[in-house]
Amino acid sequence: NTEMARATSAASEQTYGDAGITQVEWLAEDDACPECEALAADSPLDLGSDSPPDHPNCRCAISPVVDLGTPEAGGEESSE
């Protein structure tokens, strides 16, 4: 479980970095340990600064922080 989490996190970090993502959210399980809960509370984290697994059998994950921008008021632009 631990090595699968390590491989998954490494692949996620590579993919996020390639996409220009600079920050991630630490996603802790409902029954996470205090260390993982603290990492989740400190989110967002810089990409590459910390990633699961934090300890053996850690089931946490990371998720990209994506800026979707601000939606335009009034919907689509007019062609006037």
Side-chain angles (χ1 to χ4, degrees):
N1 290 338
T2 304
E3 292 310 311
M4 179 63 78
R6 193 177 323 279
T8 300
S9 289
S12 295
E13 284 186 341
Q14 180 68 45
T15 301
Y16 299 158
D18 290 348
I21 302 297
T22 60
Q23 292 190 312
V24 295
E25 290 282 336
W26 184 283
L27 305 175
E29 290 286 328
D30 289 339
D31 60 347
C33 68
E35 292 84 9
C36 289
E37 288 178 351
L39 287 163
D42 289 342
S43 289
L45 305 168
D46 289 336
L47 182 65
S49 65
D50 235 332
S51 62
D54 190 51
H55 53 80
N57 292 316
C58 181
R59 294 175 291 133
C60 296
I62 54 173
S63 177
V65 174
V66 180
D67 180 12
L68 300 177
T70 305
E72 298 255 347
E76 295 182 26
E77 293 182 33
S78 65
S79 58
E80 291 181 32

Task: side chain to side chain donor-acceptor pair (under 3.5 Å) contacts in which one or both residues fall within residues 26-38, not counting sequence neighbours - done: D31-R59
Task: Listed partners of P53 passing side-chain contact (heavy atoms from CB on, under 4.5 Å), at least two apart - done: T2, A5, R6, C58
Open item on the list: Enumerate the salt bridge (charged side-chain N to carboxylate O under 4.0 Å, His left out) contacts for residues 7-28, please, sequence neighbours excluded, ordered by first and then second residue.
Closed with: none
- [ ] Identify, with sequence neighbours excluded, every residue that meets side chain to side chain donor-acceptor pair (under 3.5 Å) alongside N1.
- [x] none
TODO: Would you name the heavy atoms of I62 and S9 that are closest together and state the gap between them?
DONE: CD1-O, 4.3 Å
- [ ] Under the side chain to side chain donor-acceptor pair (under 3.5 Å) rule, collect the residues that match up with S12, sequence neighbours excluded.
- [x] none
Open item on the list: What I'd like to find out is whether the side chain of T22 reaches to under 4.5 Å of the side chain of L47, using heavy atoms alone.
Closed with: no
- [ ] Could you pull out the closest heavy-atom pair between D46 and S49, with the gap in Å?
- [x] O-OG, 2.7 Å
TODO: Determine whether L27 and L45 fall in the same hydrophobic cluster, where Ile, Leu, Val, Met, Phe, Trp and Tyr are linked whenever their side-chain heavy atoms lie under 4.5 Å apart.
DONE: no
